[in-house]
K.L.:
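Dumping the structure here so I can ask a few things about it.
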Amino acid sequence: MADTARRLTVTSTGGARLATEIDGPEDGPTVVLVHGWTCATTFWRPVARRLIDAGHRVVVYDQRGHGNTPPTPGSCSVEALADDLCAVLTATLGDGQRAVVGGHSMGAMTVVAAATRPELRQRAAAALLCSTGTDRLTGESTVLPLRPGTWRRRGQRAFLRTRLPYGPLTPLSRRIIHHITLGPGASPGQVEAVARMVNACPRRARAEWGAVLADLDLAERVPQLDLPVALVQGTADRLTPPVHAHRIHARLPRPVGFTELPGIGHMTPVEAADTVAETLTALAKEHL
């Protein structure tokens, strides 16, 4: 977000103090953006800049233990994800005000986790889910070049839960992060930005949230996400391959669009910021 952003701390359950930013015209349609695992509010800059230029009010916040939000050890859970999103919606929206909510990866899982919460039903007019899954993450991820089965599932489970450092950043570690998170056509600048962001995520928080993802099963909440929902998915996504998006789309009660992006990896808001911003803008125009 820009230096003009208004910063506030939103208090949530378990003593969580969520670093939150608001930018753009106060009377503009509001879009709330939720980042994913090992990311931070800076992840949304390419999309936020486009939304603000188009007259939107943009709200972003750091998940627990990410960016400028301190960790709350032992409190990482799908319910905490839902608690935090609802707390941010309540703190940043006025009486009767609604928003479009956009989530990427774990941020999109956050939206699904909150599907049954009254705060989401009252405050969210529509949602965008980018590059995400709700179940079977370790079994269907293709991060490790292994055949489907027990060894790949165990290896990818270990990858999510490890507290080993990702750094220091070297040409090899950048190549690995590129392989895991981005499509083959990602620019050097995009690779560098993602590598620095992922490397900056504290190991303990990364591992605690990784353990949540390793056992994640939100499948039963997808049909309860009763609002207009669009999906954006890259075909080269190794962390949450397209099979996840197709399964979510089939379960949604009110799907309003599915955009599949050839050759794009997991970080769709970085690699395809125009498409993500345009989709959010269309949702805001239609539903706010």
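Computed from a predicted structure; not experimentally measured.
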K.L.:
Tell me yes or no: between the side chains of T138 and R153, is some donor less than 3.5 Å from an acceptor?
P.N.:
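The answer is no; no qualifying pair exists.
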K.L.:
Around atom CD of E192, are there more than 12 heavy atoms of other residues, nucleotides or ligands at under 6.0 Å?
P.N.:
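Atom CD in E192 is packed in, count exceeds 12.
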K.L.:
For residues D83 and S12, is any side-chain donor paired with an opposing acceptor at under 3.5 Å?
P.N.:
no
K.L.:
Distance only, no hydrogens: is a donor on one side chain within 3.5 Å (strictly under) of an acceptor on the other, for T240 and S131?
P.N.:
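Side chains of T240 and S131: no pair found under 3.5 Å.
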K.L.:
Hey, mind stepping through N199 and C201 against side chain to side chain contact (heavy atoms under 4.5 Å, CB included) and telling me if it holds?
P.N.:
CA-CA 6 Å; N199 191 58; C201 184; over 6 Å; no
K.L.:
Against R204, only a single residue in P71, C76, P73 fulfils side chain to side chain contact (heavy atoms under 4.5 Å, CB included); can you say which?
P.N.:
P73
K.L.:
Is any side-chain heavy atom of R17 closer than 4.5 Å to one of V10?
P.N.:
no
K.L.:
Considering all heavy atoms of both residues, which atom of A219 and which atom of D135 are nearest to each other, and what is their separation?
P.N.:
CB-OD2, 3.8 Å
K.L.:
Of all heavy-atom pairs between G65 and P202, which one has the smallest distance, and what is that distance?
P.N.:
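Closest approach of G65 to P202: O-CD, 3.3 Å.
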K.L.:
Would you say the side chain of R64 lies within less than 4.5 Å of the side chain of E208, judging by non-hydrogen atoms?
P.N.:
no
K.L.:
Before accepting this row, confirm whether a basic side-chain N of the pair D274/R50 lies closer than 4.0 Å to the acidic partner's carboxylate O.
P.N.:
yes
K.L.:
Among the clusters formed by ILVMFWY side chains lying less than 4.5 Å apart, do V191 and L172 turn up in the same one?
P.N.:
yes
K.L.:
Side chain of R238, backbone of H179: donor and acceptor closer than 3.5 Å?
P.N.:
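Checked: pair present.
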K.L.:
Kindly say whether T41 contributes a backbone atom to a donor-acceptor pair with the side chain of D62 at under 3.5 angstrom?
P.N.:
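Confirmed, D62 side chain pairs with T41 backbone.
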K.L.:
Check whether any side-chain heavy atom of E260 lies under 4.5 Å from a side-chain heavy atom of T235, and answer yes or no.
P.N.:
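With C-beta onward as the side chain, the pair touches.
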K.L.:
So does E21 pair up with R57, basic N to acidic O under 4.0 Å?
P.N.:
no
K.L.:
Is there a continuous path of hydrophobic side-chain contacts, each under 4.5 Å between heavy atoms, that joins I176 to W37?
P.N.:
yes
K.L.:
Is the centre of the H104 ring less than 6.0 Å from the centre of the H35 ring?
P.N.:
no
K.L.:
Between T20 and V59, is there a side-chain heavy-atom distance shorter than 4.5 Å?
P.N.:
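A side-chain contact under 4.5 Å exists here.
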K.L.:
Out of the candidates V143, L213, T132, only one should pair with L239 under the side chain to side chain contact (heavy atoms under 4.5 Å, CB included) rule; please name it.
P.N.:
V143
K.L.:
Listing request: all ring pair (Phe, Tyr, Trp, His ring centres under 6.0 Å) pairs with a residue in residues 220-250, at least two apart in sequence or in separate chains.
P.N.:
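For residues 220-250, and leaving out neighbouring residues, the ring pair (Phe, Tyr, Trp, His ring centres under 6.0 Å) pairs sorted by first residue read H246-F258, H249-F258.
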K.L.:
Under 4.5 Å between any side-chain heavy atoms of I22 and L8, yes or no?
P.N.:
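A side-chain contact exists here, since the closest heavy-atom pair is under 4.5 Å.
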K.L.:
With a 3.5 Å cut-off and sequence neighbours excluded, list the donor-acceptor pairs that the side chains of residues 105-113 form with protein atoms.
P.N.:
residue : atom : partner : partner atom : Å
S105    : OG   : H266    : NE2          : 2.9
T110    : OG1  : Q63     : NE2          : 3.3
T110    : OG1  : M106    : O            : 2.8

K.L.:
Quick one: do D23 and R6 make a salt bridge, cutoff under 4.0 Å?
P.N.:
no
K.L.:
What are the two closest heavy atoms between A87 and T11, and how far apart are they?
P.N.:
CB-O, 3.9 Å
K.L.:
Heavy-atom count around R196 CZ within 6.0 Å, excluding the residue itself: above 12?
P.N.:
no
K.L.:
To the closest 0.5 Å, what do you measure between CG (D217) and CD (E220)?
P.N.:
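Here the interatomic distance stands at 7.0 Å.
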K.L.:
Thinking salt bridges, do R117 and E79 make one under a 4.0 Å N-O criterion?
P.N.:
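Here R117 pairs with E79 in a salt bridge, since their nearest N and O are under 4.0 Å apart.
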K.L.:
Would you say R206 and T38 are linked by a side-chain donor-acceptor pair, where the criterion is simply a distance under 3.5 Å?
P.N.:
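Result is no, nothing qualifies.
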K.L.:
How about L182 and V194: do any of their side-chain heavy atoms sit closer than 4.5 Å?
P.N.:
yes
K.L.:
I'd like to know if D215 pairs up with R157 as an ion pair, taking the criterion as any Lys NZ or Arg NE/NH1/NH2 lying under 4.0 Å from an Asp or Glu carboxylate oxygen.
P.N.:
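Counted as a salt bridge, because a side-chain N and a carboxylate O are separated by less than 4.0 Å.
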K.L.:
Tell me which donor-acceptor pairs under 3.5 Å the side chains of residues 278-288 have, and how far apart each pair is, sequence neighbours excluded?
P.N.:
residue : atom : partner : partner atom : Å
T279    : OG1  : T275    : O            : 2.8
T281    : OG1  : A277    : O            : 2.9

K.L.:
What are the two closest heavy atoms between P29 and G55, and how far apart are they?
P.N.:
CD-O, 3.7 Å
K.L.:
Considering only heavy atoms from C-beta outward, does the side chain of V58 approach that of L33 to under 4.5 Å?
P.N.:
yes
K.L.:
So do the side chains of L227 and R98 get within less than 4.5 Å of each other, counting heavy atoms only?
P.N.:
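L227 vs R98: side chains apart.
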K.L.:
Checking salt bridge (charged side-chain N to carboxylate O under 4.0 Å, His left out) for the pair E140/R152: CA distance, chi angles, key distance, verdict?
P.N.:
CA-CA 9 Å; E140 293 178 341; R152 190 171 78 176; over 6 Å; no
K.L.:
Within 45° of the axis and under 6.0 Å from the centre of the six-membered ring of Y166, does NZ or CZ of R203 qualify?
P.N.:
no
K.L.:
Please find the pair of heavy atoms, one from T92 and one from V88, that lie closest to each other, and give the distance.
P.N.:
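So the minimum-distance heavy-atom pair works out to OG1-O, 2.7 Å.
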